[in-house]
Amino acid sequence: MTRSSLGFAQGRAIVNRAAALGVEVVELRGDRVTLDLPDDPRRAYAAAKSTLAVVVAPPSKRRLQPIAPSADWRVDLAEGCPAHCSYCYLAGSLKGPPITRVYANLDEILDGLAAYVGQGRVTSGSRDRAHEGTTFEASCYTDPLALEPVTGALSATIAWFGQWDAAVQLRFTSKFADVGPLLALDHHGRTRMRASINPPLFARFEGGTSPVSARLDALARMAVAGYPVGLTIAPIIAASGWEAAYGALLDEVAASFADLPAVDLTIELITHRFTAGSKAVLESWYPGSSLDMGMTGRTTKRTKFGTEKQVYDAATMRALRRFFEERIAATLPCARILYWT
């Protein structure tokens, strides 16, 4: 706990939640978060990953950024994630040891959102997705459901959006399954949960997360509770056996929703990619990983920020996209594909 975080009700609530769970709470004298990490990279990684820092989001963090193709705006409740995914894109996006930082000034973050209504281009300015209203993505730099037992921030944000009488939608995606605290909230349909899924063939790349079957069960429970829901199939990995693996995954999804009529279900399809920076970090964190980050079958793509990332080559992308579009149409005809990337 940083000193300033204790000046906010949310910060003090996190202290109480953590203490009730038996979590060690360290109150810092100031606002700088530092760790005395071991010299060994693996042990340093483990120590950082098991640390949650409660900090105050400065004004720069509360100025929202567009987050195409997912949503109009990115709203951060936290930065960092406790999971151990060996393809994690945060490795190249967040600097320093992989400490998870959550924000104590949640009320300030939420109170600033109204200024962005109607200003986006992904949904509020789109012909095809205008019915979603102005959308706010809460999972760009974290998995908020993973942190919910300690923070309660996701429940508070869902309830806040539920009472907001405007054409808005909160969005979050998760690899976790404990949705119990969310089911009875007055969400008024203004929050869409998506389950981030991959087939069992690639489960070894998603350490510390809930099993996919549990994620799908959680998503079905959210749908029964009236939430619009979705799937984030990501990252799509074109390794040997991918067609059978993803085909079986889509069949499992269809079975999970077979008894739920009129489900509002969307699907987002995101292929595996990496940068030189994220590759170096991930290989230092997971030196034994069998995830293929070689250059065979890859091509270089320049981002709008001027950086370069490695994506699958055109032939592979065509094969992947054709497969998913055809199989989704056959197995999940009620679903809407929001985008492919």
query: Are the side chain of K49 and the backbone of A83 linked by a donor-acceptor contact shorter than 3.5 Å?
result: yes
task: Please check if any side-chain donor atom of R215 sits under 3.5 Å from a side-chain acceptor atom of T209, or the reverse.
output: yes
field: Cluster check I14, V33: I/L/V/M/F/W/Y, side chain < 4.5 angstrom
entry: no
Salt-bridge criterion met for D264 and R336 (N-O under 4.0 Å): yes
message: Run L106 and T157 through side-chain contact (heavy atoms from CB on, under 4.5 Å) and show every step you take.
response: CA-CA 8 Å; L106 179 61; T157 303; 3.8 Å; yes
statement: Taken in chain and number order and not counting sequence neighbours, the residues that satisfy salt bridge (Lys or Arg N to Asp or Glu O under 4.0 Å) with R302 are E308
- prompt: Heavy atoms, side chains only, cut-off 4.5 Å: are I67 and V122 in contact?
  reply: no
message: Side chains of T123 and T135 only: does a donor on one sit below 3.5 Å from an acceptor on the other?
response: yes
query: With distance as the sole criterion, is a donor-acceptor pair present between the side chains of T300 and Q310 under 3.5 Å?
result: yes
field: Donor-acceptor pair between Y103 and E108 side chains, under 3.5 angstrom
entry: no
- prompt: Which pair of heavy atoms, one from S155 and one from E148, lies closest together, and at what distance?
  reply: OG-OE2, 2.5 Å
- prompt: So does E79 pair up with K61, basic N to acidic O under 4.0 Å?
  reply: yes
message: Quiz question: by atom type and distance under 3.5 Å, do the side chains of R298 and H272 form a donor-acceptor pair?
response: yes
- prompt: Distance only, no hydrogens: is a donor on one side chain within 3.5 Å (strictly under) of an acceptor on the other, for Y45 and H84?
  reply: yes
message: Holding to side-chain hydrogen bond (donor to acceptor under 3.5 Å, both in side chains), I want the full list of residues that pass it with T34, two or more places apart in sequence or in another chain.
response: none
query: If you take all heavy atoms of F172 and A138, which pair is closest and at what distance?
result: CB-CB, 4.4 Å
- prompt: Relative to Y141, does R74 satisfy both conditions: NZ or CZ under 6.0 angstrom from the six-membered ring centre, and within 45 degrees of the ring's axis?
  reply: yes
message: Whether the T271 and R273 side chains hold a donor-acceptor pair (N or O, under 3.5 Å, no angle test) is what I'd like checked.
response: yes
- line: Between C140 and L90 the two heavy atoms that sit nearest each other are O-CD2, 3.9 Å
task: May I ask you to say whether E137 pairs ionically with R171, meaning some side-chain N is under 4.0 Å from a carboxylate O?
output: yes
